[in-house]
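Below, all heavy atoms of this structure are taken into account, side chains as well, without hydrogens, waters or symmetry copies.
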Amino acid sequence: MDALEFGVIHSLRKIAHTSEAEVRLSERVLDVSNEAVLNLATQLADLVGKSGSRVMWGQFSDDNRQGLFPGTVKDFSSELTQEKFMSSSLIAMKELLNQAKEEPLSTGGHICFFAFRSRQKPFLLVAMVKERSGLTLSEDLVPTSIVEIDLSKLHQAARINLQTYLEQTSEQRGSVHGDINSSEPEAEVEVEVEEERAYLCFVDKGVGRSTVAGYFIRALGCERGVSSERATKAVIRAVRNFVKGNAEISSSAPYVRHKLIDYFSTKDDGSAITLEAVAEVVRGALGPDKAFHADGLVDHLNSDEMRIPVEFPLSRKAVRDVTRIKVRESRYSIEVENSALGTENSEVVYDYQSRSLTFTRLPENFVAEIEKTLNDRRPPR
């Protein structure tokens with residue numbers, strides 16, 4: 001976090017196993033020059049995405065069930081003022097109250113709202129911190145003392161890249177109105193898929209599954225939004241680049257990529273793939289002596305640059321796209337999956353000396369079609 005612009009803390013109280021809930025609202029924004037406020041904002045901003053609080057990437061839902069909060073974020077993104085910031089926080093609390101009442105096991109907590117800049121870009125962070133977190137507040141909800149906040153106390157959090165959000169939703173793309181502008185280009189993942197809409201991330205301790213605090217995500221109108229095709233292709237490319245970029249293991253990059261694709265090929269379309277499982281495949285491919293080089297892989301893949309969720313559904317189409325060798329000539333075209341290709345005992349056998357392919361185990365209908373075509377060419381007897 002480079003600079004803190006605005007901050008406010010509200011409180012949500014909820015009695016577990018009941019629908020009884022209430023909010024306690026702060027009447028004014030926090031003094032962002034206050035040391036305790038800065039400390040809290042910095043800790044929360046740093047925790048989102050830190051190892052142990054890995055995030056899901058997505059966007060606001062547009063299925064008419066997302067509530068009012070996304071609209072207030074758009075207003076705030078367009079005009080970064082204290083008034084719009086406070087309005088957005090109050091709407092969020094209203095939505096949180098309604099959703100908490102519908103979740104029997106929810107218990108609420110301190111709801112911290114911070115608008116800040118990081119690498120010249122504007123962000124909005126909404127974080128729910130449990131009351132027994134080492135955070136002490138005054139009667140008017142101002143931090144008075146803070147110990148280091150443990151990851152377990154960061155119950156739920158969502159961080160929105162306001163610049164990217166506005167660019168994704170504005171007809172006039174590439175322009176951010178208000179107090180914050182940046183000419184720094186966004187990091188790109190080189191995958192040939194439709195434009196990615198992920199502009200927010202949220203902590204999800206259930207690794208993408210339903211959790212007690214799921215009402216927090218629903219109240220803010222968030223949904224997982226990184227497509228399976230984008231995530232699958234991005235993982236394959238990013239793993240290869242990660243290994244290739246390490247001089248100690250760079251020579252293993254092609255083999256690691258091959259083993260990862262082999263792993264994906266054993267899974268059905270839509271199967272849940274975790275980044276931890278991906279890292280295990282990479283460790284296995286590197287071998288016991290070099291497996292430690294993959295220790296930072298999960299955090300790298302889940303970073304702001306890569307934006308790959310901790311769990312995503314596999315796209316078999318994406319796997320096929322990156323595992324097929326294709327050639328098209330004027331009189332024929334060939335498309336072969338890597339796994340079918342070999343130099344012996346394979347479905348497609350390549351001979352290095354003659355530079356030729358031999359197709360084996362042809363399906364009966366294909367054999368019948370070939371023989372019919374050849375027989376039709378024979379002159380009548």
Side-chain angles (χ1 to χ4, degrees), residues 4-32 34-48 53 67-69 72-73 76 82-116 123-160 202-205 211-222:
L4 179 61
E5 299 292 327
F6 307 112
V8 69
I9 299 174
H10 303 300
S11 182
L12 172 64
R13 294 186 179 274
K14 169 70 167 52
I15 300 176
H17 307 289
T18 74
S19 60
E20 296 182 32
E22 63 179 5
V23 295
R24 183 177 168 213
L25 302 176
S26 178
E27 297 181 356
R28 63 180 67 86
V29 295
L30 297 168
D31 177 4
V32 296
N34 180 293
E35 184 177 350
V37 172
L38 279 170
N39 186 11
L40 175 61
T42 300
Q43 285 196 47
L44 291 179
D46 289 346
L47 283 176
V48 177
S53 68
L68 301 175
F69 180 68
T72 69
V73 174
F76 179 56
Q82 176 178 303
E83 180 181 3
K84 290 186 180 294
F85 169 79
M86 193 67 172
S87 175
S88 181
S89 74
L90 295 175
I91 292 296
M93 293 304 298
K94 179 179 178 180
E95 297 284 2
L96 283 166
L97 176 63
N98 293 335
Q99 289 292 334
K101 289 179 178 179
E102 297 180 9
E103 175 51 66
L105 298 179
S106 62
T107 56
H110 301 306
I111 314 298
C112 305
F113 296 81
F114 291 108
F116 62 91
F123 290 86
L124 175 63
L125 175 68
V126 185
M128 179 166 63
V129 182
K130 288 302 181 181
E131 293 189 0
R132 296 179 180 179
S133 61
L135 169 62
T136 303
L137 302 177
S138 67
E139 283 297 317
D140 53 353
L141 297 173
V142 176
T144 56
S145 66
I146 304 169
V147 298
E148 184 175 355
I149 297 177
D150 188 273
L151 284 173
S152 65
K153 305 302 181 183
L154 183 62
H155 201 45
Q156 284 286 357
R159 186 188 66 204
I160 304 107
F202 50 91
V203 173
D204 187 350
K205 294 185 178 180
T211 61
V212 172
Y215 76 89
F216 179 91
I217 301 303
R218 293 194 299 273
L220 301 185
C222 305

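Qualifying side chain to side chain contact (heavy atoms under 4.5 Å, CB included) partners for Thr42, counting only residues two or more places apart in sequence or in other chains: Met1, Asp46. Here Asn98 pairs with nothing under the side chain to side chain donor-acceptor pair (under 3.5 Å) rule; sequence neighbours left out. Not a single side chain to side chain donor-acceptor pair (under 3.5 Å) links Ser87 to another residue, sequence neighbours left out. With sequence neighbours excluded, the residues satisfying side chain to side chain contact (heavy atoms under 4.5 Å, CB included) with Gln82 are Phe6, Val29. Ser26 meets the side chain to side chain donor-acceptor pair (under 3.5 Å) test with no other residue; sequence neighbours excluded. Residues forming a side chain to side chain contact (heavy atoms under 4.5 Å, CB included) with Asp31 (at least two apart in sequence, or on another chain): Ser33, Asn34.
Judged by distance alone, with hydrogens and angles left aside, the side-chain atoms of Gln156 form no donor-acceptor pair with the main-chain N or O of Ile217 at under 3.5 Å. Judged purely by atom type and a 3.5 angstrom limit, Lys94 has no side-chain atom pairing as donor or acceptor with the backbone of Ser89.
The heavy-atom pair separating Thr72 from Ile91 by the smallest distance is CG2-CG1, 3.7 Å. When all heavy atoms of Ala157 and Val48 are compared, the closest pair comes out as CB-CG2, 4.0 Å. The two residues Ala115 and Leu4 have their closest heavy-atom pair at O-CD1, 3.5 Å. Here the closest non-hydrogen pair linking Ala158 and Phe216 is N-CE2, 4.0 Å. When all heavy atoms are compared, the tightest approach of Cys112 to Leu44 is CB-CD1, 3.8 Å. The minimum heavy-atom distance between Ile111 and Leu96, with the atom names listed, is CG2-CD1, 3.9 Å.
Here CG of Asn39 is found 10.0 Å from CG of Leu135. Values are rounded to the nearest 0.5 Å. Between the CE atom in Met128 and the NE2 atom in His10 there is a gap of 15.0 Å [rounded to 0.5 Å]. With rounding to the nearest 0.5 angstrom, the CE atom of Met86 is 9.0 Å from the CZ atom of Arg28. Here the CG-OG1 distance, from Leu40 to Thr136, works out to 11.0 Å after rounding to the nearest 0.5 Å. If you take CD on Gln99 and CG on Leu220, they are separated by 9.5 Å, rounding to the nearest 0.5 Å. Rounded to the nearest 0.5 angstrom, Leu90 CG and Phe69 CZ are separated by 11.5 Å.
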Check against side chain to side chain contact (heavy atoms under 4.5 Å, CB included), Phe114 and Val37: CA-CA 10 Å; Phe114 291 108; Val37 172; 4.1 Å; yes

Side-chain donor-acceptor pairs under 3.5 Å in residues 11-21, sequence neighbours left out?
unit_1: Arg13; atom_1: NH1; unit_2: Glu131; atom_2: OE2; d: 3.3
unit_1: Lys14; atom_1: NZ; unit_2: Thr18; atom_2: O; d: 2.5
unit_1: Lys14; atom_1: NZ; unit_2: Glu103; atom_2: O; d: 3.4
unit_1: Lys14; atom_1: NZ; unit_2: Pro104; atom_2: O; d: 3.3
unit_1: Lys14; atom_1: NZ; unit_2: Ser106; atom_2: O; d: 3.4
unit_1: Thr18; atom_1: OG1; unit_2: Ile15; atom_2: O; d: 2.7
unit_1: Thr18; atom_1: OG1; unit_2: Glu20; atom_2: N; d: 3.1

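Using cut-offs of 30° and 60° on the angle between ring planes, the pair Phe113 and Phe85 is perpendicular.
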